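Just so it is clear, the model here is predicted, and its values are computed rather than measured. Hydrogens, waters and symmetry mates are skipped; everything else that's a heavy atom, side chains included, is used.
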Amino acid sequence: MTVRVRFAPSPTGFLHVGGARTALFNWLFARNVGGRFILRIEDTDRARSSDEMTDAILDGLKWLGIDVDEGPFFQAAGIERHKADATLLFERGAAYRCFCTPEDLASRREEARRTGAGHGYDGRCSSIDEDASAARVESGEPFALRVRVPDGRTEWTDLVHGSMSIDNATIDDFIILRSDGTPVYNLAVVSDDFDARVTHVVRGDDHISNTPKQIILYEALDRPLPVFGHVPLIMGPDGKRLSKRHGAMSVLAYEDAGFLPDGMMNFLALLGWSPGDDREVMDRAELIEAFSVERILKKSAVFDLEKLEWLNGRHIAGAEAGRLSPMVRSALVEEGLDALDETRLRDVIDLVKDRPRTIPALVGQVRPFFAGTLDFEQAAVDRFWKKPEEAAQVLRSLDQVFGELDGPWTPEALEAAIRGLAERLEMGAGRVINPLRVALMGQGVSPGIFEVVELMGPDLVAQRLGTALGYLDAKAAMG
RNA sequence: GCCCCCAUGGUGCAACGGCUAGCACAUCACUCUUUCAAGGUGGAGAUAGGGGUUCGAUUCCCCUUGGGGGCACCA
């Protein structure tokens with residue numbers, strides 16, 4: 001039997017980190033075992049659902065590269081089937097009519113809260129006999145349908161938690177059909193999962209308490225149970241629920257912040273799961289290959305942005321320049337740097353991609369190779385151009401040395417020239433190289449300087465030196 | 001209040017009931033004297049507490065504590 005899993009978000013919000021991780025685990029599971037990944041949008045709460053949010057969820061999955069085999073299906077489309085199942089439950093005596101009004105229920109709940117009693121439904125309508133019940137329907141009294149929770153215990157073997165058990169006495173008779181005839185979540189889920197022939201229900205820990213209710217429904221409906229698995233939730237750095245400040249925003253916000261989908265996926269996969277060895281940097285093929293539900297942890301994990309950044313940096317460093325170039329290009333185009341030569345762009349990316357952890361940081365390293373003018377980073381200026389006169393002198397000498405270079409600009413030739421100059425000036429190579437780096441890159445970080453000079457080429461280097469000298473002379477004049 | 005789940009350094013993960021509790025992020029040193037956001041080396045840092053079971057518990061059981069989730073005519 002092929003594994004069929006589903007991701008079933010409600011379109012009342014975007015795809016946040018937690019949802020994305022749940023989707024990812026389902027997807028990795030399906031891909032690992034050659035199963036099917038189904039997407040179902042749970043839009044039965046019409047008031048809170050919107051098409052925009054549905055699109056946002058779809059976009060989020062697409063960005064991450066989580067492709068859907070079946071769907072998206074919409075829960076609201078199955079409403080007639082849900083009602084039929086509710087009717088079936090009623091006819092079998094597994095559900096009964098409840099004539100309590102929402103207002104009554106709310107005030108009784110409030111009363112219970114005050115007196116410290118249990119919050120649950122007291123089951124008062126469960127004992128209304130059939131004739132009386134029918135008569136009240138006849139008189140036009142509205143009613144909801146409640147499940148008659150049987151005595152005993154409900155138990156299941158959870159894919160991640162192992163054996164789980166709860167006393168049914170602690171479960172209230174819950175509503176499956178509202179008085180307006182619309183189905184409620186737990187019924188709709190059971191009905192849909194059965195209909196879609198879902199074999200494994202893998203969802204967040206926050207659904208643990210729904211599972212026994214759904215199992216009760218499956219059994220009352222006399223339908224085979226899927227396997228349930230509850231994955232731990234993701235917490236914020238404070239150990240509390242993930243807040244907007246951290247990860248409760250759309251995963252697409254991470255795209256905007258310059259993260260790679262592969263980096264994000266890798267990071268999410270490592271939250272509550274590991275391949276069992278010390279591997280951490282993995283591409284999607286490796287994740288799929290290594291994934292197993294058995295290795296999902298039971299404890300919740302904290303979202304660590306710094307680790308995400310590090311991991312993303314590793315993915316940038318490992319990515320082919322051709323995959324990075326569209327992102328870098330569009331960022332540069334936005335700054336007005338048009339018509340960049342693709343081959344050259346890729347050469348630059350390959351040179352600089354080791355260090356940056358995000359796309360903006362990568363762009364910051366690429367920019368100096370294309371920009372007409374450059375801003376000099378204050379921190380770099382303070383550190384390496386501390387004495388403007390000396391820095392200017394060094395740069396002038398460098399300009400001259402470069403001009404006198406005959407033969408091609410190879411890293412070796414450049415190194416010899418630059419180190420030679422340092423020797424003649426009787427200063428350490430760093431005192432020449434660092435001011436040069438600031439002049440060329442505008443910042444204190446770059447790849448090896450000889451490669452930078454080589455790739456920039458004589459024209460741009462001369463131009464940069466000129467700009468830097470102008471800056472330094474002005475700075476010197478100001479004292 | 002009731003029910004359920006969880007517990008290895010600050011964080012993410014390892015450790016058939018059996019070496020000195022391992023790796024990574026972060027952090028601190030040092031190093032590469034060409035910068036660091038890259039590389040390398042090293043340091044500090046954890047089995048929540050208490051009881052059992054066992055020759056032996058991070059691992060199995062119980063209690064306590066702590067954290068999380070749930071308890072709607074929301075999903």
Rounded distance [0.5 Å steps], OG in A/Ser446 versus CG in A/Leu351: 8.0 Å
Is any side-chain nitrogen or oxygen of [X] closer than 4.0 Å to OP1 or OP2 of [N]?
| X | N | value |
| --- | --- | --- |
| A/Arg21 | B/rG12 | no |
| A/Thr44 | B/rA75 | yes |
| A/Arg419 | B/rU34 | yes |
| A/Arg295 | B/rA14 | yes |
| A/His207 | B/rA75 | no |
| A/Arg203 | B/rG70 | no |
| A/Lys213 | B/rG70 | no |
| A/Arg314 | B/rG39 | yes |
| A/Arg279 | B/rC23 | no |

Spell out yes or no: do the side chain of [X] and the base of [N] have one donor N/O and one acceptor N/O closer than 3.5 Å?
| X | N | value |
| --- | --- | --- |
| A/Asn210 | B/rA75 | yes |
| A/Ser209 | B/rC3 | no |
| A/Lys307 | B/rA24 | yes |

Touch class at under 4.0 angstrom, heavy-atom based, for A/Ser179 against every strand present: base
Touch class at under 4.0 angstrom, heavy-atom based, for A/Cys100 against every strand present: base
Aromatic ring pairing A/His161/A/His230, orientation class (parallel under 30°, perpendicular over 60°, tilted between): tilted
Parallel, tilted or perpendicular: ring planes of A/Phe25 versus A/Phe291, cut at 30 and 60 degrees: tilted
Which whole number of Å gives the distance between the [atom1] atom of [N] and that of [M]?
| N | M | atom1 | answer |
| --- | --- | --- | --- |
| B/rC5 | B/rA24 | C1' | 28 Å |
| B/rG10 | B/rG45 | C1' | 9 Å |
| B/rG9 | B/rA15 | C1' | 15 Å |
| B/rA7 | B/rC60 | P | 9 Å |
| B/rA37 | B/rG22 | C1' | 27 Å |
| B/rU64 | B/rG56 | P | 26 Å |
| B/rA14 | B/rC19 | C1' | 16 Å |
| B/rU11 | B/rG67 | C1' | 16 Å |

Partner nucleotide, any strand, of B/rG22 [Watson-Crick/G-U, under 3.5 Å]: B/rC13
Quiz item: cation-pi between A/Arg437 and A/Phe384, 6.0 Å / 45°: no
Donor on one side chain, acceptor on other, A/Asn210 and A/Tyr185, under 3.5 Å: no
pair A/Asp43-A/Ser10: side-chain heavy atoms closer than 4.5 Å: no
